[in-house]
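This report concerns only the one structure given below.
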Amino acid sequence: MSLMDSTKAEVLKLREELARHDYNYYVLDNPVIADAEYDALMARLRALEDAHPELVSSDSPTRRVGGAPSSRFAPVTHATPMLSLDNSYNEQDILAWHERVLKGLGGEHPEYIVEAKIDGLSCALTYENSVLKTAATRGDGVTGEDVTANARTIKAIPLRLRESVPGLVEIRGEVYMDRRDFETVNESELAEGREPFANPRNAAAGSLRQKDPSVTARRRLRFFAHSYGLFGEGSGGGPETHSSFIETCARWGLAASPVRKLCRSIDEVLGFYRQYDAGRDSLPYEIDGLVVKVNSLAQQKILGVTAKSPRWAIAFKYPARQATTTLLRVVHSVGRTGVITPRADLKPVQCGGVTISSATLHNYDEVARLDVREGDRVVIERAGEVIPKVVKALVSERGGTEKEIHPPEKCPSCGGPVTRDPEEVAYRCENPSCPTQVARGLIHFASRDAMDIEGLGEAAVEQLVQKGYVRDFADIYSLDILRLLTLDLFAEKRAENLLDAIGKSKKQPLSRLVFALGIRHVGEKTARNLAAHFKTMDKLAFAGTEELSRVADVGPVLAESIHGFFANEGAVRLIGRLREAGLNMAEPESVAAKGSPFEGKTVVFTGELKTLTRAQAQQKVRELGGRDSGSVSAKTSYVVAGGEAGSKLEKARKLGVTILTEEEFLRLAGQ
DNA sequence: AGGCCTCGAGTTCA
DNA sequence: CTCGAGGCCT
């Protein structure tokens with residue numbers, strides 16, 4: 001064997017090996033070698049090809065990024081039109097479609113095949129004698145764009161089919177991006193000062209329509225086949241069912257939809273839809289629904305197509321988690337701490353099963369980053385969490401009347417000056433007697449985790465403040481029944497209940513009172529630490545910053561904040577009046593729990609508990625000498641998982657933290 | 001100085 | 001629930 005021949009043999013072997021690894025990784029999702037090994041093989045192949053250019057061929061894995069960047073995309077006319085699917089959003093629509101199918105088939109019951117509808121963009125791949133020739137986007141269905149150079153960089157798209165297929169085959173499928181890869185892409189877009197993509201679909205579309213294929217190559221796009229436009233002669237005359245088409249694709253090295261189910265009846269289809277909905281958030285990619293197809297190609301032919309879409313297939317969509325609506329105006333709302341938060345009033349829109357009419361914009365940096373304006377069309381999202389957020393402003397849809405959003409110069413509530421600490425993101429109203437701040441502060445004071453005064457919520461506080469009956473915390477304790485009855489909100493029974501609740505709150509431990517005061521940076525936990533350390537309000541109020549810093553989790557910033565609060569004359573008077581009103585100013589001695597299973601342990605709760613509330617469970621842990629926390633880390637002793645537990649449970653599993661069920665927790669706590 | 005870890009604060013709809 | 005930021009440990 002000549003030297004040339006042995007080189008050629010190695011090149012062919014490397015290509016075959018690399019193609020197999022691409023297939024394992026991108027199609028089967030099951031890599032069998034480490035990335036570094038893969039890179040080494042690729043480097044070796046590249047070196048050989050560089051040294052022997054005559055051995056280069058277009059189906060070599062090194063040629064995935066090849067050719068000069070094209071400045072525009074040439075039009076491609078599809079062999080047969082690429083139709084879109086009819087959409088349906090509920091079971092009635094599906095049943096109606098099913099009836100039409102039955103009618104079309106003269107009463108014959110078809111088998112259905114159900115696949116995931118991953119939100120990406122359609123792409124048609126033409127293979128000639130097994131070799132990838134062109135790739136085209138859907139375009140308007142008749143003519144698309146030639147994106148061959150970019151499609152070649154997608155490793156789930158074989159450059160050569162794994163079986164010999166004579167003639168022309170046009171495979172159609174979806175190019176899409178995983179959630180994780182989407183996050184990664186957006187991180188680097190942001191890092192490089194570009195606008196992030198609103199969703200994986202846009203990211204996939206933007207990546208496939210890149211001028212420079214090397215950019216596409218970095219984006220880790222994926223592909224799965226879902227139909228075909230041409231099925232060349234010599235390949236057995238085409239499949240008889242959609243299932244067998246998919247099996248053929250698999251043999252050829254093309255990925256199929258990662259979800260696929262053959263259903264004998266429409267009820268089975270509906271059942272699968274419901275069952276699948278539950279798990280869709282934990283999938284690695286976003287799906288916007290399912291596609292239901294008649295499995296038999298003979299039956300498909302009988303049913304035929306309309307001008308727009310085939311009659312034998314329908315998209316069965318889940319309620320969208322994203323929606324587009326109009327940002328009517330921005331409200332600058334003042335919080336308890338004086339922080340001014342921009343909130344978007346939206347034209348009400350359905351999203352994720354509820355009507356959204358408002359969404360937070362978080363802060364003014366975020367407003368600037370989104371470049372969102374009043375009057376803009378905006379994309380909102382209600383993803384894994386419940387809280388909707390504005391993801392993107394549709395800049396191209398602007399008409400010119402949109403108004404830029406700026407932080408207010410005066411507090412919208414009291415008209416006082418608005419300042420911004422250059423170290424902080426937040427803009428604040430510095431006026432401590434700003435009516436909105438006072439009202440929010442009172443609501444906080446009365447809230448369940450603070451003084452727990454039932455009946456003193458937002459509405460009651462608003463009226464009490466408006467009437468001038470309550471201006472500070474101490475005023476709450478001089479309310480009487482006659483005054484309450486002058487308010488619309490209170491009839492006799494309700495007024496009595498409120499006074500009763502106010503009376504009870506006087507006995508709350510010092511820790512709750514300290515928390516209720518709303519000292520900056522002092523939350524529930526820190527308040528408990530302070531109360532446990534100082535035992536009485538007086539000792540706390542007279543403590544210097546040095547003494548304060550000795551308390552756990554208190555550093556210079558907190559010490560200064562706490563000291564500053566009590567140094568204020570108004571605060572001293574307020575505390576005095578609260579004392580006169582008969583409020584408890586001491587922390588009850590905690591009963592040392594000896595030998596309890598939670599002594600010195602940190603417990604985190606997640607999900608919904610059945611027999612007691614989370615607050616009760618947390619208190620139980622504290623009574624038994626344990627600590628409760630909100631976040632899971634390596635230091636967590638136990639995670640108690642209730643129903644519908646989410647990310648914290650995941651993290652606990654990953655870190656190997658002991659997980660308890662509610663029953664196990666109660667058993668431990670009961671001893 | 002940097003990297004966890006934790007806490008505080010704000011937030012929507014039914 | 002998630003972000004930002006303070007505190008503490010290395």
Side-chain angles (χ1 to χ4, degrees), chain A residues 183 281 319 321 323 325 331-346 348-366 369 380-391 420-428 436-437 440-441 443-445 447 449-450 458 511 514-530 545 548-562 565 602-608 614 618 627-637 644-652 655 657:
Chain A
E183 300 293 334
D281 277 335
R321 307 248 155 131
T325 186
V331 181
H332 307 280
S333 76
V334 183
R336 167 170 71 86
T337 57
V339 173
I340 298 177
T341 309
R343 204 190 69 220
D345 265 5
L346 305 168
V349 66
Q350 285 290 120
C351 183
V354 298
T355 311
I356 307 289
S357 59
S358 119
T360 177
L361 290 165
H362 298 296
N363 56 56
Y364 293 91
D365 282 7
E366 169 90 349
R369 194 177 63 74
I380 61 157
E381 187 179 74
R382 194 167 170 269
E385 338 81 270
V386 196
I387 315 283
K389 64 175 180 186
V390 175
V391 180
R420 181 192 204 183
D421 184 329
E423 303 279 298
E424 279 189 324
V425 192
Y427 287 79
R428 285 175 193 279
T436 306
Q437 281 186 61
R440 295 276 170 108
I443 292 165
H444 167 74
F445 184 88
S447 69
D449 295 333
E458 199 170 329
S511 54
V514 172
F515 172 53
L517 291 174
I519 304 166
R520 181 99 67 93
H521 298 130
V522 177
E524 236 184 310
K525 202 94 173 184
T526 310
R528 268 200 298 271
N529 287 342
L530 291 167
T545 50
L548 286 162
S549 302
R550 252 175 258 146
V551 178
D553 300 333
V554 176
V557 175
L558 268 86
E560 193 49 53
S561 168
I562 298 161
F565 178 88
T602 304
V603 185
V604 175
F605 291 89
T606 180
E608 206 179 332
R614 191 180 289 195
Q618 286 167 335
R627 305 190 318 134
D628 72 278
S629 168
S631 50
V632 181
S633 74
K635 291 182 181 172
T636 310
S637 319
E644 306 260 315
S647 61
K648 284 190 263 187
L649 182 58
E650 294 255 317
K651 192 164 179 197
L655 292 171
V657 174

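Chain letters run A, B, ... following the sequence lines, proteins first and then strands; every chain starts at 1.
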Any protein N or O atoms within reach of nucleotides 2-5 of chain B? Criterion: under 3.5 Å, listing atom names and distances.
none

- [ ] Taking only the side-chain heavy atoms of S629(A) (C-beta and beyond), determine which of dT6(B), dT11(B), dG7(C) contains the nearest atom.
- [x]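 Nearest to the side chain of S629(A) among the choices is dT6(B).
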
TODO: Identify which nucleotide among dG6(C), dG8(B), dT11(B) has an atom closest to any side-chain atom of K525(A), counting heavy atoms from C-beta outward.
DONE: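 Nearest listed nucleotide: dG8(B).
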
TODO: For residues 354-363 of chain A, pull every pair meeting salt bridge (Lys or Arg N to Asp or Glu O under 4.0 Å), keeping only residues two or more places apart or in separate chains.
DONE: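 Listed once each, the pairs would be none.
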
Rounded to whole Å, how long is the line connecting atom [atom1] of [X] with atom [atom2] of [N]?
{"X": "I443(A)", "N": "dT11(B)", "atom1": "CD1", "atom2": "C1'", "result": "14 Å"}
{"X": "E458(A)", "N": "dT12(B)", "atom1": "CD", "atom2": "C1'", "result": "13 Å"}
{"X": "E366(A)", "N": "dA9(B)", "atom1": "CD", "atom2": "C1'", "result": "16 Å"}
{"X": "D365(A)", "N": "dC3(C)", "atom1": "CG", "atom2": "P", "result": "15 Å"}
{"X": "N529(A)", "N": "dG7(C)", "atom1": "CG", "atom2": "C1'", "result": "12 Å"}
{"X": "H444(A)", "N": "dT11(B)", "atom1": "NE2", "atom2": "C1'", "result": "16 Å"}
{"X": "D553(A)", "N": "dG6(C)", "atom1": "CG", "atom2": "C1'", "result": "9 Å"}
{"X": "D628(A)", "N": "dC7(B)", "atom1": "CG", "atom2": "P", "result": "8 Å"}

TODO: Find which nucleotide of DNA chain C each of R614(A) and P556(A) is nearest to by heavy atoms, and output the residue with the more 5' nucleotide.
DONE: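 Here R614(A) is the residue nearer the 5' end.
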
Open item on the list: Between N363(A) and A552(A), which residue's closest nucleotide on DNA chain C lies nearer the 5′ terminus?
Closed with: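 Nearest nucleotide further toward 5': that of N363(A).
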
Set of residues satisfying salt bridge (Lys or Arg N to Asp or Glu O under 4.0 Å) with respect to [X], sequence neighbours excluded:
{"X": "R343(A)", "answer": "D345(A)"}
{"X": "R420(A)", "answer": "D365(A)"}
{"X": "E560(A)", "answer": "none"}
{"X": "R428(A)", "answer": "E424(A)"}

Should [X] be listed as having a side-chain N or O under 4.0 Å from OP1 or OP2 of [N]?
{"X": "S358(A)", "N": "dT12(B)", "value": "yes"}
{"X": "S357(A)", "N": "dC13(B)", "value": "yes"}
{"X": "R336(A)", "N": "dA9(B)", "value": "yes"}
{"X": "T341(A)", "N": "dT11(B)", "value": "yes"}
{"X": "T355(A)", "N": "dC13(B)", "value": "no"}

TODO: Give the ring-plane orientation class for H332(A) versus Y364(A), where under 30° counts as parallel, over 60° as perpendicular and anything between as tilted.
DONE: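 Geometry flag for Y364(A) against H332(A): parallel rings.
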
- [ ] Answer yes or no: does atom CD of E458(A) have more than 12 heavy-atom neighbours from other residues, nucleotides or ligands under 6.0 Å?
- [x]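 No, because the 6.0 Å sphere around CD of E458(A) holds 12 heavy atoms or fewer from other groups.
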
